[in-house]
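Just below is one structure, and these are the notes that go with it.
Numbers restart at 1 for each chain; the letters A, B, ... are given by sequence-line order, proteins then strands.
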2 protein chains.
Amino acid sequence: MIHMATIYEVSKLAGVSLATVSRVMNNNTPVRESTRKKVLAAMEQLGYRPNSIAQSLASNCSNSVGILVSELHGPFYGAMLTGIEAEFRAAGKHVIIAAGHSELATEQEGIEFLQSRSCDALILHVEAVSDDYLIKLAQTDTPFVLLNRQIPALADRCISLNNELGGYLATQHLLAQGHRDIAYIAGPMWKTDAKERYQGHQRALADYQLVANPALFFEGDFRETGGSKGLSAILATGLPFTALVCGNDEMASGALTAARELGLSVPDSFSVVGFDNVNFAYYTYPKLSTIDYPISAMGQMAARWVLREVYRSATVEVQQLFEPHFIPRDSVKACSPT
Amino acid sequence: MIHMATIYEVSKLAGVSLATVSRVMNNNTPVRESTRKKVLAAMEQLGYRPNSIAQSLASNCSNSVGILVSELHGPFYGAMLTGIEAEFRAAGKHVIIAAGHSELATEQEGIEFLQSRSCDALILHVEAVSDDYLIKLAQTDTPFVLLNRQIPALADRCISLNNELGGYLATQHLLAQGHRDIAYIAGPMWKTDAKERYQGHQRALADYQLVANPALFFEGDFRETGGSKGLSAILATGLPFTALVCGNDEMASGALTAARELGLSVPDSFSVVGFDNVNFAYYTYPKLSTIDYPISAMGQMAARWVLREVYRSATVEVQQLFEPHFIPRDSVKACSPT
DNA sequence: AGTATAAATGTAAGCGCTTTCATTTATAGC
DNA sequence: GCTATAAATGAAAGCGCTTACATTTATACT
């Protein structure tokens with residue numbers, strides 16, 4: 001065990017008080033230049049490294065932020081963590097992670113676990129805990145910001161995607177390519193995401209004086225099986241359609257596989273658009289046209305919220321609603337409007 | 001700011017000393033049952049939550065572990081983090097993350113950043129820093145374990161995959177399916193991974209008294225482009241082959257795309273095997289047969305190493321070399337040996 | 001009851017740093 | 001040179017907890 005120099009040793013070597021060493025280190029009070037140089041030289045000679053735990057205790061600021069996400073794997077969460085970590089790293093704050101697995105008990109426990117570390121703030125991507133729980137949490141002494149969760153009572157601390165616009169863009173692209181009979185496989189309609197994406201789909205149709213045909217609608221589960229079942233159900237109606245919008249990429253992938261198994265060729269038989277631009281969307285055959293979701297930027301913005309609200313360091317405006325954009329790939333082909 | 005009760009307030013309410021409250025809290029010294037009950041009741045009444053920063057300073061143990069990975073996104077790192085976080089969460093240790101981006105300066109800075117947090121240990125997945133740097137780091141007071149890095153001088157703290165066996169399994173599967181002319185697209189041969197995987201390939205061939213044909217070998221870059229260029233180069237030789245092994249899934253994906261663009265059908269024209277089982281491998285067309293890499297279990301094992309070596313808490317044997325296994329999907333088809 | 005020993009508890013110092021208030025030093029103006 | 005003021009620095013207390021050693025209490029044995 002190599003001995004770590006303390007602030008006391010630096011002060012003795014530099015011939016100044018502890019307080020002056022602290023002032024030099026934190027650069028928060030004027031120090032005469034000649035004194036500063038003596039202190040810095042002593043620090044360098046001793047290889048001094050401040051004990052951040054002692055700093056945290058004395059200053060009542062841990063310089064760390066807890067992040068609770070549903071999972072640590074998957075393109076969504078990877079991008080989120082990347083955005084968050086990079087922003088905090090640049091600001092010298094440490095990021096502590098925990099996974100909530102979208103389970104009520106695990107999420108709550110995870111929040112408490114992070115609180116127990118005296119994190120200065122939390123960034124939460126949680127699904128299972130109730131709005132009430134979060135409203136109560138907002139009354140405790142732990143500041144937090146929510147990612148991809150909308151709670152009106154906590155509006156100033158919610159950062160999310162404009163799902164309605166994403167649904168609109170997905171369908172609008174098909175309409176602009178001449179498609180008029182557009183089938184839709186939705187996520188679970190109790191989920192706000194799924195509902196808003198479908199609303200955007202409806203709005204795009206309305207722009208063309210069209211109405212969604214309920215027979216060309218299937219409520220899926222946001223999983224691959226929802227996509228394959230949805231496509232089978234829609235095909236079973238015997239109704240014509242030239243394009244399919246899926247509420248997320250995983251269901252789109254399921255639909256692609258099902259189509260292939262039924263001897264249907266995408267986009268020749270019908271075009272497909274997904275949502276999320278998860279990384280596998282690029283590897284499907286055909287490569288999937290989809291809606292991109294700037295999750296890394298959203299994570300970054302959550303970090304900025306914390307830097308602004310808790311650390312008072314950011315001066316930049318925090319954007320709370322993010323806009324998706326359309327990623328054209330190979331799964332859409334134009335057709336003549338009927 | 002809601003007032004947090006301190007250990008002093010608990011001791012007063014319970015009518016015992018600070019030390020006794022600490023003993024009850026840490027359960028590390030016998031305390032009479034009646035005293036314990038008084039203390040626990042006082043804690044509950046006051047909603048007492050220990051200040052972990054103060055605990056860390058007083059005990060010289062931060063109960064946190066730093067993780068430096070190359071990236072925070074991607075299936076590889078997501079699985080690793082998941083394995084690590086779950087193990088530490090169960091043990092009550094906090095996980096602090098940082099990304100090194102495989103850049104020398106960023107990796108070193110990341111290590112120092114984590115050290116500056118007084119982490120009790122580090123788990124490092126680093127590529128750019130030299131063996132010498134890590135050997136010197138091992139002489140400092142920060143214990144660390146390496147994931148997917150082999151340094152003989154630090155053998156007891158390296159956890160990695162048996163790449164040679166993975167390469168063997170990939171090729172052995174094809175040989176067992178009757179393939180004899182097997183092309184190989186390798187990763188960069190200065191990388192240990194790439195070299196060992198190719199060695200496994202050679203060993204599998206040797207089992208069948210075969211020798212790898214250098215004309216059916218291409219050194220790629222572990223990226224998609226390496227796969228497509230590799231296939232083109234191999235096809236350009238005009239030599240017959242019935243199967244292709246790629247050193248990783250991304251190159252395999254590139255080869256699949258290139259084959260399709262050349263009007264070649266996999267596995268009808270030739271079979272393909274990848275390596276890594278990244279999540280997109282399931283979404284290619286055809287679904288890719290590949291070598292699975294138990295990265296989550298490896299992360300978990302790294303965590304166990306830390307728990308055993310630093311916290312003295314794990315009694316389980318730590319496994320350092322992990323074995324891959326073969327994942328059969330749709331990209332391989334049997335053929336008659338020539 | 002007395003003695004020896006074990007168990008339980010208390011006292012005090014300290015972990016390494018921050019920050020408030022007191023003191024000293026430097027500077028400007030007359 | 002003297003005075004007033006600003007700048008710089010030091011002394012001391014404290015952040016909330018741990019733990020070693022001292023002291024007290026309880027238990028077992030005679």
Q.
Would A:Leu134 and A:Val126 count as a side chain to side chain contact (heavy atoms under 4.5 Å, CB included) here? Give the steps.
A. CA-CA 10 Å; A:Leu134 293 169; A:Val126 286; 4.2 Å; yes
Q. To the nearest angstrom, how far is B:Ile53 atom CD1 from D:dT18 atom P?
A. 13 Å
Q: Evaluate whether atom CD of B:Glu33 has more than 12 neighbouring non-hydrogen atoms of other residues, nucleotides or ligands under 6.0 angstrom away.
A: yes
Q. Rounding to a whole Å, what distance do you find between B:Asn60:CG and D:dA20:P?
A. 13 Å
Q | Short side-chain N/O contact from A:Gln55 to OP1 or OP2 of C:dG16, under 4.0 Å | A | no
Q.
Looking at C:dG14, I'd like to know if its phosphate oxygens (OP1 or OP2) sit under 4.0 Å from a side-chain N or O belonging to A:Tyr8.
A. no
(Q) Would A:Ser52 and A:Gln55 count as a side-chain hydrogen bond (donor to acceptor under 3.5 Å, both in side chains) here? Give the steps. (A) CA-CA 5 Å; A:Ser52 63; A:Gln55 287 178 317; 5.4 Å; no
Q) What integer distance in Å separates B:Arg49:CZ from D:dC17:C1'? A) 16 Å
Q: Report which part of the nucleic acid A:Thr6 touches: base, sugar-phosphate, or nothing (heavy-atom distance under 4.0 Å, all strands).
A: sugar-phosphate
Q: Look at the side chain of A:His125 and the backbone N and O of A:Glu71, then say whether any donor-acceptor pair between them is shorter than 3.5 Å.
A: no
Q: Go along nucleotides 7-12 of chain C 5' to 3' and tag each nucleotide: B for a protein heavy atom under 4.0 Å from its base, S when only backbone or sugar atoms are that close, - otherwise.
A: -SBBB-
Q: Let me know the distance between CG of A:Leu46 and P of C:dG16, rounded to the nearest Å.
A: 14 Å
Q) To the nearest Å, how far apart are B:Lys12 NZ and D:dC17 P? A) 16 Å
Q: Give a yes or no on whether the backbone of B:Ser64 and the side-chain of B:Asp120 come within a donor-acceptor separation of less than 3.5 Å.
A: yes
Q. Measuring from B:Thr20:OG1 to B:Arg23:CZ, what's the distance to the nearest 0.5 Å?
A. 5.0 Å
Q. Is the distance from OP1 or OP2 of D:dT18 to the nearest side-chain N or O of B:Asn26 less than 4.0 Å?
A. yes
Q: Ignoring backbone atoms, test whether A:Asn28 places a side-chain nitrogen or oxygen under 4.0 Å from the OP1 or OP2 oxygen of C:dT19.
A: yes
Q: Return yes if some donor-acceptor pair links the side-chain N/O of B:Glu107 with the main-chain N/O of B:Glu127 below 3.5 Å, else return no.
A: yes
**Q.** Whole angstrom value for the distance that separates P of C:dT18 from CG of A:Asn27
**A.** 13 Å
Q) How close or far is atom P of C:dC17 from atom CG of A:Asn63, stated in whole angstroms? A) 14 Å
Q.
Heavy atoms from C-beta onward define the side chain here; which of C:dT19, C:dG16, D:dC17 lies closest to that of A:Ser22?
A. C:dT19
Q | Value in whole Å for how far the P atom of D:dC15 lies from CG of A:Leu57 | A | 9 Å
